[in-house]
2 protein chains.
Amino acid sequence: MGEETRTRIKRIAAEIGFRPNALARGLLSRRSFTIGLLTNDTYGRFTLPLMAGVSEALVDRGVSVFLCAIEDDPALARVHVEAMLDKQVDGIIATGKRTDRALPVDLSDLPVPVVYAFTAGPPNSITYASDDAHGAELAVTHLMALGRKRLAHITGPDAFIAALERASAFRRLAGSDAPVLHGQWTESWGREAILDLWKSGERPDGIFCGNDMIARGVIDGLRELGVSVPGEVSVVGFDNWEIVAAQSRPPLTTVDMNLKELGRQAGLTVLALGEGEKLEPGWRKLPCTLLVRGSCGGAANDR
Amino acid sequence: MGEETRTRIKRIAAEIGFRPNALARGLLSRRSFTIGLLTNDTYGRFTLPLMAGVSEALVDRGVSVFLCAIEDDPALARVHVEAMLDKQVDGIIATGKRTDRALPVDLSDLPVPVVYAFTAGPPNSITYASDDAHGAELAVTHLMALGRKRLAHITGPDAFIAALERASAFRRLAGSDAPVLHGQWTESWGREAILDLWKSGERPDGIFCGNDMIARGVIDGLRELGVSVPGEVSVVGFDNWEIVAAQSRPPLTTVDMNLKELGRQAGLTVLALGEGEKLEPGWRKLPCTLLVRGSCGGAANDR
DNA sequence: TTGAAAGCGATACCAT
DNA sequence: ATGGTATCGCTTTCAA
């Protein structure tokens, strides 16, 4: 085609506001430039950052994302999946709130590629998650670099693999006799655990918490006991849940799981799969990042 | 068509797993059974419940929802809107984090209907919001019914219309000399305000807070002053942000804005508009609900 | 280089 | 009751 013709056509197209109909082109190309994100995470704690990453990675390529919240309801999940398949989505990303549970719907025989992110997938699927052991290492080495010697780990139920992985990484670095306390993922458990520890006479000077809510409870509990954070005790959280971490007193140093990046990669992967690329199945664990705020003290805090 | 033919066809259709292609039928019917939800609310505090309502109302009708997070970026917003229009969405719901600001994108001349929910729309648009004055009335009458006489209102910046409307409803019921303190929407402002009030000798026995974060700060501040909640002072929040309200000590009695219902209605409305129904433009304010937990005490708390 | 025609999958309408 | 055909908007292919 001639250069001038090309520009002329483009000009006219712009003039009359021509807008190619994606439905029509999808009909022919057998691609809808649409993917689905299925989630059972009601609070959006994990889904939103993940979704932001997916969307950010795909919007340039003209791909839009259906968000389907299924609330652990298998029937609802089916309805959403059917609706998405009808609409010829190019792929589906399944996400949840914990990596050791699957969504209440079987996605293994769909005519479109499925990628799992922060939720369990069937064998031979591609599953993204953050590297819990790595996150725990970041936290513990940070505490140790600050000179903390007596470390403790206060975390969620031992029914969560994430809790177990963080705990075993903690023990590996902090010593196998360092206390690990399993409870709930709540503030009140954090407070309770601190009271127990202090009552028992065991008084760690560095505490690694399984999530930010627990960490917040720990910090509150310590304050109520008159123990200074970060003066006497350093506290590290996990999740970097802004709303909790930034509002605690002092603001929480915490491990960020880089969910947005996880979302980016999951998005690109599901597209690649849709374009016929063959990719290695299995777990893909992404590194975490330590976000330093004020709850640990030390040089790292002086900036 | 004959009854037997009908069943025979249906059987065969099920057998071969026939699945009508929504792209093809959309091409002809000029409906995609797809709508877009545009939001600049990063935390999802407002968007997620709203989205849940939209989705719940529309999934039965076979409509799926594109979620587009635009982060206050006009260029990104345009890209998302273009992508949705290309995909022939049947309508768009614009949502945000405050009702007195518009999204950074002009949605007024789109070829599809637009409904605004929890964000400002242009004149003559349909805009859903919760009724702030009503919410404030619920809170104040609850406090008064419990016998609280000296009320105060601690809330966010007076640049927010929502804050002003709640404040003026508060004054109307509690008396024009009842103190109203404007600050930030944060816990630390809640604590600070309490310290100020107590230092000044002004000691209300009922406090209505502009949101749950402030309320949580207020409760913490009171505890640190040795003032019992709900024994000496009753506290009501606003938002029913589960994660804040349920974790505070005591759990927070708070006003729920019924965002899910708001989402339901916005979803049904945008569909109706798409089907050519003529609807009255203007604000549509939905009533709030009071959610009683433990921060007010009294009979209402005995159940 | 340009123009015409076939076809994607479903539907609506018209003949049989 | 059935079969055939035009159509939606675009892409691809083939002819001119």
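Naming convention: chains lettered A, B, ... in sequence-line order (proteins, then strands); numbering from 1 in each chain. Quick note: numbers below take in every heavy atom, side chains included, and nothing from hydrogens, waters or symmetry partners.
The salt bridge (Lys or Arg N to Asp or Glu O under 4.0 Å) test applied to A/Asp90 returns A/Arg31, not counting sequence neighbours. For the salt bridge (Lys or Arg N to Asp or Glu O under 4.0 Å) test, residues two or more places apart in sequence or in another chain that qualify with B/Asp72 are B/Lys97.
Across the protein-nucleic acid pair, B/Leu27 atom CG and C/dA12 atom P stand 13 Å apart, rounded to whole Å. Nucleotide C/dA10 holds its P atom 11 Å from the CZ atom of B/Arg19, rounded to whole Å. C/dA10 atom C1' lies 13 Å from atom CG of A/Asp86, rounded to whole Å. Residue B/Asn21 contributes atom CG, which lies 14 Å from atom C1' of C/dG7 at whole-angstrom precision. For A/Ile9 and C/dT2, the CD1 to C1' distance is 11 Å, given to the nearest whole Å. Rounded to an integer number of Å, the gap from CG of B/Leu23 to C1' of C/dT11 is 15 Å.
Each of B/Val115, B/Leu58, B/Leu273 was evaluated against B/Leu268; a single residue qualifies, B/Leu58, per the side chain to side chain contact (heavy atoms under 4.5 Å, CB included) test.
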I'd like a table of atom pairs between the protein and nucleotides 11-15 of chain D - only N or O on both sides, under 3.5 Å - with the distance next to each one.
| unit_1 | atom_1 | unit_2 | atom_2 | d |
| --- | --- | --- | --- | --- |
| D/dT11 | OP1 | A/Arg25 | NE | 3.1 |
| D/dT11 | OP1 | A/Arg25 | NH2 | 2.7 |

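For residues 280-289 of chain A, the set of pairs meeting the side chain to side chain donor-acceptor pair (under 3.5 Å) definition, not counting sequence neighbours, comprises A/Tyr128-A/Arg284, A/Glu165-A/Lys285, A/Asn258-A/Thr289. Listed by first and then second residue, the salt bridge (charged side-chain N to carboxylate O under 4.0 Å, His left out) pairs that reach into residues 50-67 of chain B are B/Glu56-B/Lys260, B/Glu56-B/Arg264, sequence neighbours excluded. Among residue pairs with one or both ends in residues 102-123 of chain B, those qualifying as side chain to side chain donor-acceptor pair (under 3.5 Å) are B/Asp106-B/Ser108; sequence neighbours excluded.
Of the two residues contacting DNA chain D, namely B/Ala24 and B/Arg8, the nearest-nucleotide position lying further toward the 5' end is that of B/Arg8.
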